[in-house]
Amino acid sequence: MCCDHRKRERAYTLIRAQIRNGSQAFIVYPLIDESEKIEAPAAVDDFDTLSKEIFPDLKLAFCMAA
């Protein structure tokens, strides 16, 4: 198991705990869409996974800052 994967799992656990306590959580991505110039996760790519696999029991929204 990669250390990045473990960090992500810990973050998801923290998010779930905060939601259970009545708080909101935000995940901020460096990119909206995938880029050929920058190797970083993109929000568009991960939103489907987050909403269907990671947090299927939570209400998620995809928002872009103007």
Side-chain angles (χ1 to χ4, degrees):
M1 183 185 295
C2 175
C3 62
D4 287 339
H5 181 73
R6 284 193 298 258
K7 287 179 184 178
R8 231 176 229 245
E9 289 300 320
R10 283 196 304 259
Y12 295 155
T13 299
L14 176 63
I15 289 169
R16 283 192 176 286
Q18 293 300 311
I19 298 293
R20 273 194 304 270
N21 288 332
S23 296
Q24 293 181 344
F26 297 87
I27 299 175
V28 180
Y29 283 84
L31 300 172
I32 295 170
D33 290 307
E34 192 174 294
S35 170
E36 293 179 6
K37 296 178 182 180
I38 301 171
E39 190 173 324
V44 170
D45 296 335
D46 277 3
F47 181 74
D48 200 43
T49 302
L50 288 170
S51 60
K52 291 181 180 175
E53 296 176 24
I54 308 299
F55 302 115
D57 54 325
L58 301 177
K59 181 179 177 182
L60 275 64
F62 182 88
C63 301
M64 297 186 320

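Everything numeric in this text was worked out from a predicted model, so none of it was measured.
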Say you draw a straight line from CZ of Phe62 to CG of Leu50; how long is it, rounded to the nearest 0.5 Å?
->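 These two atoms lie 10.5 Å from each other.
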Working to the nearest 0.5 Å, report the span between NE2 of His5 and CZ of Arg8.
->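 Going from NE2 on His5 over to CZ on Arg8, the span is 9.5 Å.
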Exercise answer: donor-acceptor pairs, residues 52-61 side-chain atoms, under 3.5 Å, sequence neighbours excluded:
from	atom 1	to	atom 2	distance (Å)
Lys52	NZ	Asp48	OD1	3.2
Asp57	OD1	Arg16	NH1	3.3
Asp57	OD1	Arg16	NH2	3.2
Asp57	OD2	Arg16	NH1	3.3

With no hydrogens and no angle check, is any side-chain donor or acceptor of Ser23 less than 3.5 Å from a backbone partner on Ile19?
-> no
Closest heavy-atom contact between Ala25 and Ile15?
->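 In terms of heavy atoms, the two residues are closest at CB-CG2, 3.7 Å.
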